[in-house]
Trainee: 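Attaching a single structure in structure tokens format; questions to follow.
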Amino acid sequence: METEPNDRATVRVIATPKTWIESEAVAQLERTAALPGMRLAVGLPDLHAGKGHPIGAAFLSQGVIHPRLVGNDIGCGMGLWVTDLPARKLKLDAWTKRLGDLDGPWDGDREAWLADHGAAPCPFDSALGTIGGGNHFAELQAVERVDDAAALAALGLDRKALVLLVHSGSRGLGESILQDYLDGDAAGLPEDGPAAADYLRRHDAALHWAEANRALIAHRFLGPLRAAGTRVLDVNHNTLTRHDGPGAPGWLHRKGATPATEGPVVIPGSRGDMSYLVEPVNAGPDSAWSLAHGAGRKWTRRDARGKLGKTRARDLTRTALGSRVICEDRALMFEEAPQAYKAVDSVVGALEAAGLVRVIAVLRPVITYKTRRGAP
DNA sequence: ATGTGC
């Protein structure tokens with residue numbers, strides 16, 4: 001699907017007839033493509049409607065930047081760790097109990113952790129090492145299927161070892177940065193002005209903080225399991241980066257869009273679905289150098305609560321794939337139910353059909369930690 | 001998404 005709503009930006013949606021995409025999401029994509037300076041707008045197969053602007057999309061602009069397109073969770077992304085826990089030693093009940101409380105402040109030396117991970121202290125450091133809400137999680141996974149054994153080995157992964165996937169971001173920091181640019185930026189910030197430089201500097205700091213955050217979440221998750229982990233990859237999907245390669249030079253805004261330019265990435269399904277470890281191929285303007293960042297919502301949070309009225313929160317703690325979900329916030333449990341998300345194979349399938357990924361391996365969820373806090 | 005909005 002390709003249109004040019006304002007004779008300026010090219011708009012594309014990467015999907016097959018089987019991909020679930022709401023018309024409102026496409027309408028948001030087209031409206032966003034009409035913003036000043038916009039040259040290219042690409043909806044990935046996980047495209048869904050957001051608050052004004054769609055999620056699962058990448059936008060290339062020239063001359064101006066649009067901080068609101070990156071959203072409040074600047075630096076949100078996926079980190080993957082390989083652990084020394086053999087899959088055959090998995091003890092679902094015991095481990096689910098043994099996992100500590102990741103919601104409270106970490107009792108370690110935050111400043112040292114940040115320094116060791118190339119990040120600077122900020123006013124939101126009490127949240128360092130916490131997962132946050134929404135679709136964020138930390139999930140232990142087993143290797144379900146291997147399609148490319150050589151690529152798996154090259155990443156340092158072993159099919160017999162469990163892995164840990166962490167999805168989180170910059171917590172209150174990104175939000176506080178965005179707030180400073182929401183007033184009067186409808187036209188975007190001129191790329192050579194002081195506001196853009198200021199935003200980009202703070203944006204980069206949030207990226208580093210988010211990366212350090214994911215590393216601490218992994219550390220806190222694995223500690224009680226007496227396991228060690230080695231980071232395999234860590235990729236942000238809410239970013240603004242300068243793009244100077246072939247295709248139009250400009251500013252690439254990613255909102256729930258994973259870079260196709262930084263090596264292998266994980267495209268997670270819902271908490272009751274598989275995740276895909278994939279190798280990006282053919283990165284270019286057709287995909288805005290990006291991939292889907294997950295399955296993408298099928299139902300709004302509000303609809304999910306309504307449609308799952310007969311389901312009990314308790315039933316959602318065990319998934320069809322046999323995994324456990326730790327989520328003691330009842331409302332969040334319904335909002336994040338697997339049924340509320342697109343089937344991940346339809347999303348990855350659309351990327352494969354478009355010639356944008358090669359599957360390395362499929363990962364099966366084992367234990368997902370979302371929160372041990374929240375409304376009963 | 002958010003040390004979350006009234």
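Below, chains carry the letters A, B, ... as their sequence lines are ordered, and counting in each starts from 1. What's counted below: heavy atoms across the whole structure, side chains too, no hydrogens, waters or symmetry copies.
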Trainee: Return the polar atom pairs (N/O with N/O) between nucleotides 4-6 of chain B and the protein under 3.5 Å, or none.
Mentor:
none

Trainee: Would you mind listing the cluster partners of L332(A)? Hydrophobic ones only (ILVMFWY), side-chain contacts under 4.5 Å, chaining allowed.
Mentor: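 Its cluster mates, by chain and number: none.
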Trainee: Which residues pass the ring-ring contact (aromatic ring centres under 6.0 Å, His included) test with H203(A), not counting sequence neighbours?
Mentor: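 For H203(A), the residues satisfying ring-ring contact (aromatic ring centres under 6.0 Å, His included) (neighbours in sequence not counted) are Y199(A).
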Trainee: Determine whether S287(A) and S290(A) satisfy the following criterion, side-chain hydrogen bond (donor to acceptor under 3.5 Å, both in side chains), listing intermediate values before the conclusion.
Mentor: CA-CA 5 Å; S287(A) 63; S290(A) 302; over 6 Å; no
Trainee: Only counting residues at least two apart or in another chain, list the ones meeting side-chain contact (heavy atoms from CB on, under 4.5 Å) with R242(A).
Mentor: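 Partners of R242(A) under the side-chain contact (heavy atoms from CB on, under 4.5 Å) test: E191(A), D244(A), P249(A), W251(A).
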Trainee: H293(A): what forms a side-chain hydrogen bond (donor to acceptor under 3.5 Å, both in side chains) with it, not counting sequence neighbours?
Mentor: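 For H293(A), the residues satisfying side-chain hydrogen bond (donor to acceptor under 3.5 Å, both in side chains) (neighbours in sequence not counted) are D46(A).
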Trainee: Whole Å only: how far is the CG atom of L128(A) from the P atom of dT2(B)?
Mentor: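 Nearest whole value for this atom pair: 14 Å.
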Trainee: Could you give the NZ-to-P distance, from K51(A) to dT2(B), as a whole number of Å?
Mentor: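 That distance rounds to 13 Å.
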Trainee: Which part of the nucleic acid does G71(A) contact within heavy-atom distance under 4.0 Å: base, sugar-phosphate only, or nothing?
Mentor: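 Answer is nothing: G71(A) stays at 4.0 Å or more from every strand.
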Trainee: If you look at every strand shown and take non-hydrogen atoms under 4.0 Å, does G50(A) touch a base, only sugar-phosphate, or nothing?
Mentor: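 Nothing, no nucleic acid heavy atom in range.
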Trainee: With E139(A), which residues qualify under side-chain hydrogen bond (donor to acceptor under 3.5 Å, both in side chains), at least two apart?
Mentor: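 So E139(A) forms a side-chain hydrogen bond (donor to acceptor under 3.5 Å, both in side chains) with Q141(A), R271(A), T368(A).
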